[in-house]
*Asks:* 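My questions all concern the structure below.
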Amino acid sequence: MVRFFLCLIFVPLIVWGQDDEEQTLEEGTPSLEESSESWRTRYELGAGDVLEIRMFGKPKSRRERIAVTPDGYITYLEVSNFPVAGLTIDEARQALEDALREFYRAPKVIMVPYSLNSKRYTILGKVKRRGVYPLDRPMTLIEAIARSEGIEIGLFEHRAVELADYERSFIVRNKQRLPVNFSELFLQGDLAQNVPLEPGDYIFLASSVSNDYYVLGAVASPGFQGFSVGATVVTAISKRGGFLPTAYREKVLVVRGSLSKPKVHVVNMEAILNGKEKSFKLEPKDIVYVSNRPWAKLEDIIDRATLTFMETAASTWTNANIPAIINRRLLPDTDWADDNNN
């Protein structure tokens with residue numbers, strides 16, 4: 001049986017460990033109460049919502065399925081191009097009554113929603129029904145995944161297994177990654193942490209059956225690459241067309257493990273290419289990131305690397321380049337190992 005749960009939200013913090021080479025980053029996000037209050041207590045009409053409108057005592061005035069246009073207007077009887085976007089049902093009703101007084105004596109408008117489609121969320125990846133869904137009622141993460149008919153199931157050694165990689169799955173809200181640990185969410189069952197969804201939420205369930213790794217940043221052909229035994233940072237970059245002229249070769253980042261608790265290695269490619277050091281061996285699902293300029297702060301380069309990974313992972317499902325969806329620190333907990341003592 002597929003299980004759905006949720007983990008804790010962290011407070012922004014940078015903690016330096018006792019070992020100078022180990023760094024822990026904790027990520028913040030607006031509290032759920034702050035970010036989820038408005039649409040639950042004040043539902044504002046928007047493009048795609050459909051209304052039923054009539055005037056009290058006038059049966060012939062009834063109009064069904066009046067859709068709010070993409071620019072936020074409706075037309076009802078003599079009132080055309082009437083703006084309703086951003087108004088509640090009650091505010092729109094009162095404003096429409098005022099507009100109708102030019103044509104009717106003391107009109108009493110009855111307005112009810114026929115369908116609510118303006119608030120949406122997106123769910124992609126290893127769920128059975130991927131796509132964009134209307135947020136037509138308050139809904140939690142568990143309910144959203146269940147609405148998509150759950151996690152995809154496959155066979156492994158004659159056993160049914162879930163095909164989602166919880167370590168690489170993520171949720172984005174308001175251009176920020178929610179620090180959800182999907183392993184705890186799905187495997188430990190903390191139902192008290194079930195997150196309510198917000199309009200515009202983006203949920204991605206990564207695949208557990210792929211052993212690809214990603215080579216991103218200042219390389220000729222960034223993207224994912226099928227893993228082969230003996231793969232190294234050198235062969236990975238070579239297969240993606242090599243460095244761009246702007247590439248910063250002295251500190252190439254390798255991000256390994258979960259998005260919640262990754263281990264980060266800094267590889268000196270300049271020393272490797274000059275034969276001074278051995279090449280760094282890769283593992284399946286590693287993220288190799290080459291910056292196009294020198295960097296000093298590890299947390300900054302991790303942000304860029306993980307942002308690029310998340311956009312690339314999502315675009316493999318949408319078959320298009322998605323816009324930048326994250327603009328702040330992404331990783332809550334990092335083990336930093338500088339393999340070249342840089």
*Asks:* Which residue pairs pass the salt bridge (charged side-chain N to carboxylate O under 4.0 Å, His left out) test with at least one member in residues 99-125, sequence neighbours excluded?
*Replies:*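 Passing the test, one end in residues 99-125: Asp98-Arg101.
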*Asks:* Please determine whether a side-chain nitrogen of the Lys or Arg among Arg42 and Glu44 lies less than 4.0 Å from a carboxylate oxygen of the Asp or Glu.
*Replies:*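 Between Glu44 and Arg42 there is a salt bridge, with a charged N closer than 4.0 Å to a carboxylate O.
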*Asks:* Can you list the residues that meet the side chain to side chain donor-acceptor pair (under 3.5 Å) rule with Arg249, with sequence neighbours excluded?
*Replies:*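 None.
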*Asks:* Would you say Thr140's side chain and Glu143's backbone share a donor-acceptor pair under 3.5 angstrom?
*Replies:*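 Flag set: sc Thr140 to bb Glu143 pair under 3.5 Å.
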*Asks:* Does Thr75 have any side chain to side chain donor-acceptor pair (under 3.5 Å) partners at least two apart in sequence or in another chain, and if so, which?
*Replies:*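 Listed in chain order: nothing, the list is empty.
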*Asks:* What residues, two or more places apart in sequence or in another chain, satisfy side chain to side chain donor-acceptor pair (under 3.5 Å) together with Glu167?
*Replies:*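 Partners of Glu167 by the side chain to side chain donor-acceptor pair (under 3.5 Å) criterion, ordered by chain and then number, come out as Ser183, Ser258.
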*Asks:* Can you tell me which residue pairs pass the ring-ring contact (aromatic ring centres under 6.0 Å, His included) test with a partner in residues 48-72, sequence neighbours excluded?
*Replies:*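 Pairs touching residues 48-72 that pass the test: none.
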*Asks:* Looking at residues at least two apart in the chain, or sitting in another chain, which of them share a side chain to side chain contact (heavy atoms under 4.5 Å, CB included) with Ala236?
*Replies:*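 Ala236 satisfies side chain to side chain contact (heavy atoms under 4.5 Å, CB included) with Tyr213, Val215, Leu282 only.
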*Asks:* Clusters formed by hydrophobic residues whose side-chain heavy atoms approach within less than 4.5 Å: which one holds Leu244, and what are its other members?
*Replies:*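 Hydrophobic cluster check, Leu244: no partners found.
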*Asks:* Partners of Tyr121 by ring-ring contact (aromatic ring centres under 6.0 Å, His included), sequence neighbours excluded?
*Replies:*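 Here the qualifying residues are Tyr133.
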*Asks:* Running the 4.5 Å side-chain criterion over Ile, Leu, Val, Met, Phe, Trp and Tyr, what cluster does Tyr73 land in, apart from itself?
*Replies:*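 Its cluster partners, ordered by chain and number, are none at all.
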*Asks:* Write out all pairs satisfying salt bridge (charged side-chain N to carboxylate O under 4.0 Å, His left out) with one or both partners inside residues 49-61, taking only residues at least two apart or from two chains.
*Replies:*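 Qualifying pairs: Glu52-Arg62.
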*Asks:* Could you label the plane-to-plane angle of the Trp295 and Tyr248 rings as parallel, tilted or perpendicular, counting under 30° as parallel and over 60° as perpendicular?
*Replies:*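 Perpendicular.
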*Asks:* So which pairs with a foot in residues 78-87 pass side-chain hydrogen bond (donor to acceptor under 3.5 Å, both in side chains), sequence neighbours left out?
*Replies:*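 For residues 78-87, and leaving out neighbouring residues, the side-chain hydrogen bond (donor to acceptor under 3.5 Å, both in side chains) pairs sorted by first residue read Glu78-Tyr104.
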*Asks:* If the threshold is 4.0 Å, N to carboxylate O, is there a salt bridge linking Arg40 and Glu198?
*Replies:*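 The answer is yes: the pair qualifies as a salt bridge.
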*Asks:* Among all residues two or more places apart in sequence or in another chain, which pass the side chain to side chain donor-acceptor pair (under 3.5 Å) test with Lys285?
*Replies:*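 So Lys285 forms a side chain to side chain donor-acceptor pair (under 3.5 Å) with Asp165.
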